[in-house]
Amino acid sequence: MSKSPILSSRTLVLIVFSIAINMIGGQISSMIKLPIFLDSIGTLICALLAGPWIAVLTGLLTNLLWGLLSGPIAAAFAPVAMMIGLSAGLLAHVGGFRTLPRVILSGVVITLALMLVAVPIRTYLFAGTTGSGADFFVAYFHAVGENLLESVAITVLGANITDKIFSAIVAWLLVRQLPLRAQQNFPHMARIR
């Protein structure tokens with residue numbers, strides 16, 4: 001009985017495809033300065049199809065590649081992308097993507113998990129500003145009397161709660177639309193119905 005490789009060719013293709021989805025979504029959001037990011041849909045698809053560790057790897061590789069192409073800010077947020085992949089994969093494993101209400105709740109939990117990593121990075125490495133559309137909100141909350149850490153936390157929560165719920169719903173809908181034959185190629189796929 002032969003062991004299957006840790007990273008099958010299908011999984012590698014999934015990772016590459018998911019990185020492309022992440023970068024295209026993130027680039028669109030960045031170009032039009034949306035206050036949400038749209039850069040984790042691919043990572044969430046990986047979490048649903050291949051589990052938390054493949055999603056962690058996808059998040060890491062996305063941000064490292066993005067950092068090489070666009071500058072160090074994206075690479076600095078690689079731990080955030082990894083946390084998104086890990087939390088989404090674990091939630092998918094315990095049934096967090098079986099129904100729409102669960103998907104919405106999973107988006108909230110993913111947001112809370114990523115805040116543990118994103119708030120310190122944004123606050124202490126970048127003094128609250130990263131060039132995204134969310135910078136306006138950090139500046140606003142800081143101007144009305146919140147300290148920088150609170151301003152960043154409020155902004156990260158606000159931007160990510162919308163983004164992660166939306167991204168989780170999109171990923172869930174896309175994976176649900178895959179033909180059964182395609183789904184069978186991923187033995188670690190989460191139950192999504």
Side-chain angles (χ1 to χ4, degrees), residues 7 11 14-15 18-23 25-26 29-30 34-68 70-97 102-126 128-135 137-138 148-172 175 188 190:
L7 287 176
T11 303
L14 173 66
I15 291 169
S18 296
I19 289 170
I21 291 172
N22 287 343
M23 292 182 77
S29 174
S30 178
L34 292 175
I36 60 173
F37 308 105
L38 303 178
D39 61 357
S40 60
I41 295 171
T43 301
L44 296 172
I45 289 171
C46 275
L48 293 174
L49 290 175
W53 303 117
I54 299 301
V56 166
L57 179 61
T58 301
L60 172 65
L61 293 175
T62 297
N63 281 60
L64 293 180
L65 179 60
W66 213 336
L68 288 172
S70 67
I73 291 175
F77 282 92
V80 177
M82 294 168 68
M83 178 61 86
I84 293 166
L86 179 63
S87 56
L90 293 174
L91 287 162
H93 181 70
V94 297
F97 286 81
R102 287 184 181 198
V103 173
I104 292 168
L105 181 59
S106 290
V108 173
V109 173
I110 292 165
T111 300
L112 296 175
L114 75 84
M115 285 184 68
L116 297 172
V117 182
V119 171
I121 291 172
R122 190 175 181 110
T123 302
Y124 300 113
L125 285 182
F126 299 105
T129 59
T130 60
S132 74
D135 289 353
F137 296 102
V138 172
L148 182 60
L149 183 63
E150 291 168 344
S151 299
V152 169
I154 293 166
T155 301
V156 168
L157 176 63
N160 279 285
I161 197 97
T162 304
D163 179 66
K164 296 311 174 274
I165 290 172
F166 177 77
S167 296
I169 291 170
V170 169
W172 177 66
V175 170
H188 302 291

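This chain uses plain numbering: 1 for the first residue, then up along the sequence.
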TODO: State, to 0.1 Å, how close Ala168 and Phe97 come at their nearest heavy-atom pair, and which atoms those are.
DONE: CB-CE2, 3.9 Å
Open item on the list: Which residue in the set Ile110, Val56, Leu114, Leu91 passes side chain to side chain contact (heavy atoms under 4.5 Å, CB included) when paired with Leu86?
Closed with: Val56
Task: salt bridge (charged side-chain N to carboxylate O under 4.0 Å, His left out) contacts in which one or both residues fall within residues 50-64, not counting sequence neighbours - done: none
Open item on the list: Quiz question: by atom type and distance under 3.5 Å, do the side chains of Thr43 and Asn22 form a donor-acceptor pair?
Closed with: yes
Open item on the list: I'd like to know if the side chain of Ser87 and the backbone of Ala113 have a donor-acceptor N/O pair within less than 3.5 Å.
Closed with: no
Open item on the list: Whether the side chain of Thr123 engages the backbone of Leu149 through a donor-acceptor N/O pair (distance < 3.5 Å, no angle test) should be reported.
Closed with: no
Task: Contact summary for Ala74 and Trp66, nearest pair of heavy atoms - done: CB-CB, 3.7 Å
Open item on the list: Taking the side chain as everything from C-beta on, heavy atoms only, tell me whether Ile161 gets closer than 4.5 Å to Leu112.
Closed with: no
- [ ] Locate the shortest heavy-atom distance separating Leu44 from Ala171; write the atom from each residue and the value.
- [x] CB-CB, 3.7 Å
Open item on the list: How long is the straight-line distance from CD1 of Ile73 back to CG of Leu125, given to the nearest 0.5 Å?
Closed with: 10.5 Å
Open item on the list: Test side chain to side chain contact (heavy atoms under 4.5 Å, CB included) on Leu7 and Ile54; report intermediate values, then the result.
Closed with: CA-CA 9 Å; Leu7 287 176; Ile54 299 301; 3.3 Å; yes
- [ ] Please answer whether the main-chain N or O of Ala159 pairs with a side-chain N or O of Asp163 as donor and acceptor at a distance below 3.5 Å.
- [x] no
- [ ] Taking all non-hydrogen atoms of both residues into account, name the closest pair between Ser40 and Ile84 and its distance.
- [x] CB-CG2, 4.1 Å
Open item on the list: Tell me whether Ser18 contacts the main-chain N or O of Leu14 through its side chain, where contact means a donor paired with an acceptor under 3.5 Å.
Closed with: yes
- [ ] Please indicate whether Phe126 has more than 12 foreign heavy atoms, meaning atoms of other residues, nucleotides or ligands, lying under 6.0 Å from its CZ.
- [x] yes
Task: Reported CD1-to-CG distance for the pair Ile19 and Leu61, which is rounded to 0.5 angstrom - done: 4.5 Å
- [ ] State, to 0.1 Å, how close Val175 and Ile45 come at their nearest heavy-atom pair, and which atoms those are.
- [x] CG2-CG2, 4.1 Å
Task: Minimal non-hydrogen separation, Thr58 against Cys46, with atom names - done: OG1-SG, 3.2 Å
Task: Value rounded to 0.5 Å, distance of CG in Leu68 from CG in Asn63 - done: 11.0 Å
Task: Spacing of CE belonging to Met82 relative to CH2 belonging to Trp53, to within rounding of 0.5 Å - done: 9.0 Å
Task: Expected output: side-chain Arg122 to main-chain Gly128 donor-acceptor under 3.5 Å - done: yes
